Amino acid sequence: MDGNGRWANARGLPRTAGHRAGVERVREAVRTAVEAGIGYLTLFAFSSENWSRPQQEVSDLMGLLRFFIRRDLAELHRENVRIRVIGCRQTIQPDIRALLNEAEDRTRDNTGITLVIAFNYGARDELVRAVRGIAEAVRAGDMDVAAIDEAAIAARIDTAGIPDPDLVIRTSGEQRLSNFLLWQAAYTEFVFMPCLWPDFDRAAFLDALAEYGRRDRRYGAVSAPDLAVGS
Ligand code: IPE
Ligand code: MG
């Protein structure tokens, strides 16, 4: 969800106003994902690198997460949304940790879309934590080195049990991954959109999905028509 700051700047507003407008788009994004039959929607809300922003902005973003969970949790739960949180839970304020835990616990048995909130998330940090966990399991004698395979790693990263993303959409015209789902995005399609996150409405989301629909996914193989030509 990128471009909140520029959206606010363009209107002569403080960056916080952009973040606030961005939060309002989240509900719509969840609804559009449900409408489109998407099973998992991951929102990159706060990265492990975002702590380097001015202290006031960091605290505004924390405040907005509190606001979002407190205001929207009951409704998301009513709509059968299951919430999962990825990212490092150790280094965030205790009250935020409690809110995130509550959101997961309350919606655990829901069977609708899974809303994955990436908060204090960084893919390299996630991999470091997973590698440490594996090293500890080996040292404790609970795991053989030979048992370290792709499945074992996938089971120890934050997204354990969540399928790899088919599509990553990045708004605001930036064309980079910024430490998002590095392991999981091995075969992901990317759609980069110029629109700023507070302008990312239902129509923009559907446009991105239509673009995804035009992609030919081969996973390292050759597509069927090309095989026919070569044979
Ligand atoms: C939102 O957009 C991303 C968050 C960290 C919440 P930005 O704050 O990155 O907005 P720009 O990139 O400055 O426009
Ligand atoms: Mg940005």
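Predicted model only: the values in this text are computed from it and were never measured. We're numbering straight along the sequence, starting at 1. In listed order, ligands and their atoms are each counted from 1.
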Close-contact set for ligand 1 against R6 heavy atoms, below 4.0 Å: 11 (P), 12 (O), 14 (O)
Shortest non-hydrogen contact from R25 toward P198: NE-O, 2.6 Å
contact_flag G22 ligand 1 heavy-atom lt 4.0 Å: no
Contacting atoms of ligand 1, where contact means under 4.0 angstrom from a heavy atom of M1: 1 (C), 2 (O), 3 (C)
Numbered atoms and elements of ligand 1 in range of R15, under 4.0 angstrom, heavy atoms: 7 (P), 8 (O), 10 (O), 13 (O)
Within 6.0 angstrom of R132 CZ, more than 12 heavy atoms from elsewhere: no
Contact check: L61 vs ligand 1, nitrogen or oxygen atoms, below 3.5 angstrom: no
Single hit among I83, I69, V26 for side chain to side chain contact (heavy atoms under 4.5 Å, CB included) with L76: I83
Aromatic plane relationship, F44 with F180 - under 30° parallel, 30 to 60° tilted, over 60° perpendicular: parallel
Nitrogen or oxygen of W7 less than 3.5 angstrom from that of ligand 1: no
E24 atom CD: more than 12 heavy-atom contacts under 6.0 Å: yes
Any E174 heavy atom less than 4.0 Å to ligand 1: no
Metal site the Mg ion (ligand 2): N/O/S of E174 inside 2.8 Å: no
Neighbour count above 12 (heavy atom, 6.0 Å) for R124 CZ: no
Check: R202/T32 side-chain N/O donor and acceptor closer than 3.5 Å: no
A45, portion touching ligand 1 at heavy-atom distance under 4.0 Å: backbone
Shortest protein heavy-atom distance from atom 10 (O) of ligand 1, along with the residue and atom involved: G5 N, 2.9 Å
Location of contacts on N50 toward ligand 1, heavy atoms closer than 4.0 Å: side chain
Shortest non-hydrogen contact between Q184 and P165, atoms and distance: O-CD, 3.5 Å
H19: numbered ligand 1 atoms lying under 4.0 Å from its heavy atoms: 1 (C), 6 (C), 8 (O)
Salt-bridge present (E211, R215; N to O < 4.0 Å): yes
Within-shell test, G18 vs ligand 1, heavy atom, strictly < 4.0 Å: no
W51 and F46 aromatic ring geometry - parallel, tilted or perpendicular at 30°/60° bounds: perpendicular
Region of R53 that comes within reach of ligand 1 [heavy atoms, distance under 4.0 Å]: side chain
Heteroatom of D2 nearest to the Mg ion (ligand 2) (N, O or S, atom name): OD1
